[in-house]
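To keep things clear, I will list the structure first and then write my remarks on it.
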Amino acid sequence: MRWLMVGLVALATAIAYIDRANLSVASDSMQQELQFSDELKGVMLSSFFWTYAIFQLPGGWLVDRYGPRALYAIAVVWWSIGTAATALTRGFAGVIGCRLALGIGEAPVQSANARVVSEWFPRKERAFASSIFDTGSEFGSALSVPLVTLLIALVGWRGSFVVTGALGLVWVVAWLLIYRSPRKQKWANQAEVDYIEQGGGRTEEKELGDAGKQPMKWRDLFRYSTTWALVAGYTCRGVIIYFFITWYPDFLVNQQGFSLLELGLFGAIPGLAAMVANWLGGLFSDWLVRRGTPLAMARKIPLVIGMVGASTIALASIAPNPAWALVFLTLSYCSAAVSTGALLSLPADVAPTPRNVASLTGVQNFGSQLGGIIGPIVIGFLLGTGQFAYVWPLVFAGAMCVLGAFFYAFVVQVKPLDEQRPMF
């Protein structure tokens, strides 16, 4: 049953990314009909992230307060309606409103995913399970282009938003029918429940009911250096991830001389390879746990190796030819992906109670969005200086990876916060 549960949240994550990317594919058709400028188009494409970043913190708290079953259902209904409502818009302001609603709805996704994995998986399987739900984002992003393009051809851009919005509503029905916590899920036999709880699964009934332990107050989470290091480390990693979402095509075309055909043929290589690396990194961390490696080392080894390896992005700026540039970019993206499973497991590993897991995930994921805001701006500024083209931007990105490795290696403590010494 635990693999069915993580499959459900991976599917929800894929749907979220399809709804998120729908606008990117449909924007040209929308621009022709609604008549807005390229400048407004850029604002429209970025507007999702405004509310998505801001609502990471309250989104995580709400998941802990009301549980993943209720909050996930509410969130998916909310963003599905926001997606479908885009079909009714008659101008720029309406599209912006729908995108802001989408950002609010999708903000709790990572927090709810982490909470589900923490409840349903023992420590020795948690990193791989986290890798599974994270690859839902990559699968959804990859599927969105052919799917939305086909829908636009069949039912127009307005119809494409209705169909993709309906996907989430169908998922909610299945979610409410199937999802329960391990002790309440009748389809899970006692042997599986015991396996989860004895292996360190963060089931609420066991930790809060049997032991009577109370959740730590939200504001008290920030008294610990580990919490701040989770934000800082994910901010550094976000710079790399968002480079591949923002400036990566420009680097291949304008710096390496790729044609649009070559970009289409070879540009997907780093992303596809990273999906495999993501799973391998999660399996590696869990393998270390199973062989008796202390949990802190089992998480930090793939984290630090992955972040240091991602710094090879700096070498792409001085590669002797485009093929070698793509090799270094692929190595960098795969290295960052190797760290994913362990990184997404950290909130469950350091949360003092199950009701703090989603809150810590929301805090951590806010760091990723912060990196997504800072990275593209700094890279654009460095490019604007006209000095050495992409050398300094990619050196900056590589340096951020090394800085992130420092936070994970020396500041993050992989044990419950209430067992750590607070800063104040």
Side-chain angles (χ1 to χ4, degrees), residues 1-21 52 55-56 59-60 62-64 66-80 83 102 105-123 125-144 164 167-182 184-185 187-188 192 196 201-204 275 278-279 282-283 286 340-349 351 354-355 357-362 364-365 368:
M1 283 305 299
R2 64 192 184 280
W3 299 107
L4 174 60
M5 298 306 174
V6 78
L8 277 174
V9 298
L11 180 58
T13 305
I15 293 171
Y17 273 74
I18 290 171
D19 288 348
R20 189 182 305 186
Y52 183 70
F55 279 84
Q56 290 296 319
L62 286 169
V63 172
D64 279 332
Y66 297 103
R69 184 172 183 267
L71 248 294
Y72 223 137
I74 293 170
V76 178
V77 168
W78 179 289
W79 94 56
S80 297
T83 298
L102 182 67
E106 291 196 5
V109 169
Q110 285 285 65
S111 299
N113 289 348
R115 177 70 182 270
V116 169
V117 168
S118 73
E119 286 187 350
W120 272 94
F121 285 85
R123 293 188 189 95
E125 294 177 348
R126 197 175 288 158
F128 180 54
S130 298
S131 297
I132 291 176
F133 78 66
D134 187 68
T135 51
S137 64
E138 295 155 345
F139 178 75
S141 298
L143 182 62
S144 64
T164 56
L167 293 175
L169 298 179
V170 174
W171 179 90
V172 168
V173 174
W175 173 255
L176 291 176
L177 288 174
I178 297 173
Y179 188 82
R180 302 289 189 280
S181 61
K184 295 179 180 178
Q185 174 52 261
W187 300 344
E192 184 173 21
I196 292 167
R202 309 298 302 270
T203 55
E204 190 170 316
M275 292 178 66
N278 191 339
W279 285 38
L283 286 169
D286 288 341
T340 301
L343 188 153
L344 294 176
S345 300
L346 288 177
D349 294 334
R355 285 192 185 174
V357 173
S359 296
L360 278 170
T361 304
Q364 176 178 259
N365 204 41
S368 179

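For the numbers below, each heavy atom of this structure counts, side chains included, while hydrogens, waters and symmetry mates do not.
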Heavy-atom pair of closest approach, residues [X] and [Y]:
{"X": "Ala127", "Y": "Ala342", "value": "CB-N, 4.1 Å"}
{"X": "Pro347", "Y": "Val357", "value": "CB-O, 3.8 Å"}
{"X": "Ala73", "Y": "Leu176", "value": "CB-CD2, 3.8 Å"}
{"X": "Thr13", "Y": "Val109", "value": "OG1-CG1, 4.0 Å"}
{"X": "Gly362", "Y": "Ser111", "value": "N-OG, 3.2 Å"}

What distance do [X] atom [atom1] and [Y] atom [atom2] have between them, rounded to the nearest 0.5 Å?
{"X": "Met275", "Y": "Thr340", "atom1": "CE", "atom2": "OG1", "value": "11.5 Å"}
{"X": "Gln110", "Y": "Ser130", "atom1": "CD", "atom2": "OG", "value": "9.0 Å"}
{"X": "Tyr66", "Y": "Ile74", "atom1": "OH", "atom2": "CD1", "value": "9.0 Å"}
{"X": "Thr83", "Y": "Trp78", "atom1": "OG1", "atom2": "CH2", "value": "12.5 Å"}
{"X": "Ile178", "Y": "Arg69", "atom1": "CD1", "atom2": "CZ", "value": "11.0 Å"}
{"X": "Ile15", "Y": "Asp19", "atom1": "CD1", "atom2": "CG", "value": "7.5 Å"}

Ignoring hydrogens and geometry, is there a side-chain-to-backbone donor-acceptor pair from [X] to [Y] under 3.5 Å?
{"X": "Arg123", "Y": "Gly201", "answer": "no"}
{"X": "Arg202", "Y": "Ala351", "answer": "yes"}
{"X": "Thr361", "Y": "Ala114", "answer": "no"}

Qualifying residues under side-chain contact (heavy atoms from CB on, under 4.5 Å), relative to [X], sequence neighbours excluded:
{"X": "Ala129", "result": "Val6, Val117, Phe121"}
{"X": "Leu143", "result": "Ile18, Phe139, Leu147"}
{"X": "Ala188", "result": "Met1, Trp120, Gln185, Glu192, Val193"}

[X]: which residues meet the side-chain hydrogen bond (donor to acceptor under 3.5 Å, both in side chains) condition with it, sequence neighbours left out?
{"X": "Ser80", "value": "none"}
{"X": "Gln364", "value": "none"}
{"X": "Ser131", "value": "Asn278"}
{"X": "Ser181", "value": "Glu205"}

Test applied, side chain to side chain contact (heavy atoms under 4.5 Å, CB included); reference residue, Tyr72; option that passes from Val172, Leu8, Val9: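 In the set Val172, Leu8, Val9, the residue that makes a side chain to side chain contact (heavy atoms under 4.5 Å, CB included) with Tyr72 is Val9.
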
List in chain and number order the residues that pass salt bridge (charged side-chain N to carboxylate O under 4.0 Å, His left out) with [X], two or more places apart in sequence or in another chain; answer none if no residue qualifies.
{"X": "Asp134", "value": "none"}
{"X": "Asp286", "value": "Arg299"}
{"X": "Arg115", "value": "Asp64, Glu119, Glu204"}

Heavy-atom side-chain proximity of Met5 to Trp175 below 4.5 angstrom: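 No, every pair of side-chain atoms sits at 4.5 Å or beyond.
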
Note, Asn365 side chain near Tyr52 side chain (heavy atom, < 4.5 Å):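 In short, these two side chains touch, coming nearer than 4.5 Å.
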
Residues forming a ring-ring contact (aromatic ring centres under 6.0 Å, His included) with Trp279, sequence neighbours excluded: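 Counting only residues at least two positions away or on another chain, Trp279 forms a ring-ring contact (aromatic ring centres under 6.0 Å, His included) with Phe128.
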
Under the ring-ring contact (aromatic ring centres under 6.0 Å, His included) test, residues paired with Phe133 that sit two or more places apart: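 Testing Phe133 for ring-ring contact (aromatic ring centres under 6.0 Å, His included), a comparison that skips the adjacent residues, returns none.
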
